[in-house]
Amino acid sequence: MTIDLDTANSASVLSLHQEAMEGELRFDGQVAVITGAGGGLGREYALLLAARGAAVVVNDLGSSADGQGRSKTADRVVQEIKDKGGRAVANYDSVEEGHKIVQTAIDEFGRIDILINNAGFLRDRSFAKMEENDWDMIHRVHLRGAFVTTRAAWPHFRRQEYGRIVLTSSAAGLFGNFGQTNYSAAKMGLIGLGKTLALEGERHNIITNVLVPAALSRLTESLLPPELQRQMAPVHVAPVVAVLCHRRCPAAGAVVEAAGGAAATYRWQRSAGIADLELTPEKVLDQWEVLDAADPAAESPDTPAAQMALLSRQLTDAAEREAERREVESAPAGTVDVSRALRTRLPPARFTYGPRDAALYALSIGVSLEQRHGLRYLYEAADGFEPHPMFASVVFSALDMTRMASLPGFPIDLTQLLHGEQYMELKKQLPPSATLEITANLADIIDKGDKGAIVLLDVHAADSSGDEVAFIQQSLFVRGAGGFGGHARSQVARPCAEVPPRAPDATLSVSTNRDQAALYRLNGDLNPLHIDPEFAALGGQSRPILHGLCGLGASVHAVLEHYSTDREEPAQLNKVKVRFSRPVLPGQTLLVDTWREPGSARVVFQSRVKETGQLALAGGYLELRDLDVGARAKL
């Protein structure tokens, strides 16, 4: 949203210039009202805004966590602010009389610019034991109190064409929590209130957002493990709130989580779903996994405990990344510690897919409805529909490969990284839809001297039951990274095959098309080398090249179709290995040479570019299972 400074007060204009000069977000000339500011989160908001120039109304009843009793905790916060040269005044009214709190701002400072609805308490009971008074008290303070106080501030905001509102929800509001039906319902209600206020206030430059804080306070300290308590202090939430209160706030109607130095937004996520004009209950049940499939890039906790576990993991990962970065920066140039690098694991990831993703992959490697088994891979309602066996090769796209750039003991220049070889072993046939847990670790680092180094990356994909469904070993060649005195051969690398010293038993022709790289990249490999002509030129290519895994998928598919000619069921893939020798340009034709001994489950293959005669895939082999090789092979 763009703010018209001509309608802002002169003090705000002066503050904007001061920010430009000093480089920090300021609140000079503005007045903030903060409810529940006598301690915890509210106190930190008050101290931060006051330190940056705002005059603050510190509202607090000073009651206990369950809303009982009163004290003048607000006075102590006011004194802290004044001792540091700031301006503040205390208010002891209940948010049920929010108009009195707002009036204090008008009487003392002449205006109100910011309202942070933070006040609250708990009255936890299981639903079976909850009384109406438990329900009503929570709703009167949390939901109705925010409504009353905001309604009192609204006319002032409209009159001056400026206002910033923060409502406070919680994880219980987002996910529910045992024993908190009253609290969770009120907190979810605040999200609905905030969404609508954002819409109605937009044309008047009144911005409303909803905060979901997780911090150590009198309400939450009993819920957090000791090791998280220091990092989860309220002071780490305040910076996010300051942005939501500022004239340059970039969001309206957002639900913003803040905790321990981590911040994120929540939004509703709709699955791709199902559509059937003749839908029946049985169809809904049969397709529930597809209907419910989530975005593979999103992590969506569904309980407060899961939210806290996610936050803990994010903060731990952030701390580890920072420690790794510092160690890499402090290490002498050229320092190599292979043993430490091999102990490093990339952050785990999730790969969620459905029939749409599987069909897209099949199309991208050239599967056609004209082929015997094309319908099986392209149509989700076909008998025996399943992802193509090579679909498992794209699961690594869920990994954050940028972590390789700060690999402890062996940082890698990603611009010098090439995909050298690929091994894949299918443990189970992939179902039409699933969420796979992806883990990866470095298996070996091989010193190739002046040529460079080879990094072996082992990738494991497991299904929801914990069973491994696929294992992938990627051989990554890093130019210029060799010569560190390491071993030149690996004991764990899966070797390529030796091509038999005879003419191929069969040569299969596989045509690619000019748009194939543009289609294949939608599987997750978005490297601009495969679509951007200027980027390809920087890499020494005449035009964008085909993904190596696309050429591999197309070659393997041709072999599988060839050995399935007389079968209702396609040949089943068990293992595949190949070396990427030279790039293929979209539109070129691959000639796939194959060799197979009678009675053997192994097919050795290589792929040549017809137009140039150059070898694109070398030393390849694939192993088949569930195939009567003596009777079914058609060579």
Side-chain angles (χ1 to χ4, degrees), residues 25 27 32-49 52 54 56 58-60 95 98 113-122 138 141-143 145-147 149-150 153 163-175 177 180 183-198 201 206-220 223 232-268 301 304 307-308 310-311 314:
L25 301 183
F27 298 89
V33 170
I34 307 173
T35 66
L41 291 164
R43 171 180 173 274
E44 295 298 339
Y45 306 159
L47 294 177
L48 181 57
L49 295 187
R52 291 179 176 246
V56 181
V58 180
N59 162 261
D60 204 293
V95 291
D113 301 277
I114 298 164
L115 172 60
I116 303 176
N117 291 284
N118 174 70
F121 66 95
L122 298 176
I138 291 296
V141 171
H142 288 273
L143 185 55
F147 159 72
T149 308
T150 304
R164 296 292 181 268
I165 302 168
V166 176
L167 301 171
T168 305
S169 185
S170 79
L174 294 174
F175 314 121
N177 198 29
Q180 292 190 317
Y183 181 73
S184 60
K187 288 302 188 182
M188 192 59 172
L190 285 164
I191 293 176
L193 175 62
K195 293 285 188 182
T196 301
L197 289 180
I206 305 172
I207 291 179
T208 302
N209 287 290
V210 181
L211 179 74
V212 181
L216 188 65
S217 70
R218 63 182 183 175
L219 300 184
T220 62
L223 303 177
M232 299 298 287
V235 67
H236 296 300
V237 175
V240 177
V241 176
V243 171
L244 298 181
C245 293
H246 199 266
R247 68 171 62 84
R248 290 166 56 190
C249 176
V255 179
V256 185
E257 177 188 79
T265 59
Y266 281 91
R267 52 177 58 86
W268 290 113
Q307 178 210 28
M308 195 60 67
L310 174 58
L311 285 169
Q314 284 183 319

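Atom set for the values below is all heavy atoms of this structure, side chains included, hydrogens, waters and symmetry mates excluded.
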Using a 3.5 Å cut-off and no angle test, enumerate the donor-acceptor pairs between side-chain atoms of residues 38-47 and protein atoms at least two apart in sequence or in another chain.
residue: R43; atom: NE; partner: E80; partner atom: OE2; Å: 2.9
residue: R43; atom: NH2; partner: E80; partner atom: OE1; Å: 2.8
residue: R43; atom: NH2; partner: E80; partner atom: OE2; Å: 3.4

Spacing of [atom1] belonging to [X] relative to [atom2] belonging to [Y], to within rounding of 0.5 Å:
X: L122; Y: Q180; atom1: CG; atom2: CD; result: 6.0 Å
X: S184; Y: I138; atom1: OG; atom2: CD1; result: 10.5 Å
X: T149; Y: I165; atom1: OG1; atom2: CD1; result: 10.5 Å
X: L211; Y: C245; atom1: CG; atom2: SG; result: 9.5 Å
X: L244; Y: T208; atom1: CG; atom2: OG1; result: 10.5 Å
X: I114; Y: R247; atom1: CD1; atom2: CZ; result: 9.0 Å

Test side chain to side chain donor-acceptor pair (under 3.5 Å) applied to T150 - qualifying residues, sequence neighbours left out: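 Once residues adjacent in sequence are excluded, the partners of T150 under the side chain to side chain donor-acceptor pair (under 3.5 Å) criterion are N117.
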
Evaluation steps, side chain to side chain contact (heavy atoms under 4.5 Å, CB included), between I34 and V58: CA-CA 6 Å; I34 307 173; V58 180; over 6 Å; no

Side-chain touch V33/L115, heavy atoms, less than 4.5 angstrom: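 Heavy-atom side-chain distance check passes, below 4.5 Å.
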
Heavy-atom check, side chain of L48 versus side chain of V241, under 4.5 Å: no

Of the non-hydrogen atoms in [X] and [Y], which two are nearest, and what is the gap between them?
X: V235; Y: P239; answer: O-CD, 3.3 Å
X: G173; Y: M188; answer: O-SD, 3.2 Å
X: D60; Y: G36; answer: OD2-C, 3.2 Å
X: A263; Y: V240; answer: CB-CG2, 4.0 Å
X: T168; Y: N118; answer: OG1-CA, 3.7 Å
X: L49; Y: A32; answer: CD1-CB, 3.8 Å

Aromatic plane relationship, H246 with F27 - under 30° parallel, 30 to 60° tilted, over 60° perpendicular: perpendicular

Worked verdict on Y266 versus V256 for side chain to side chain contact (heavy atoms under 4.5 Å, CB included): CA-CA 6 Å; Y266 281 91; V256 185; over 6 Å; no

Those residues that, when tested against S169, pass side chain to side chain contact (heavy atoms under 4.5 Å, CB included) (two or more places apart):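 K187, I191, V210, V212.
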
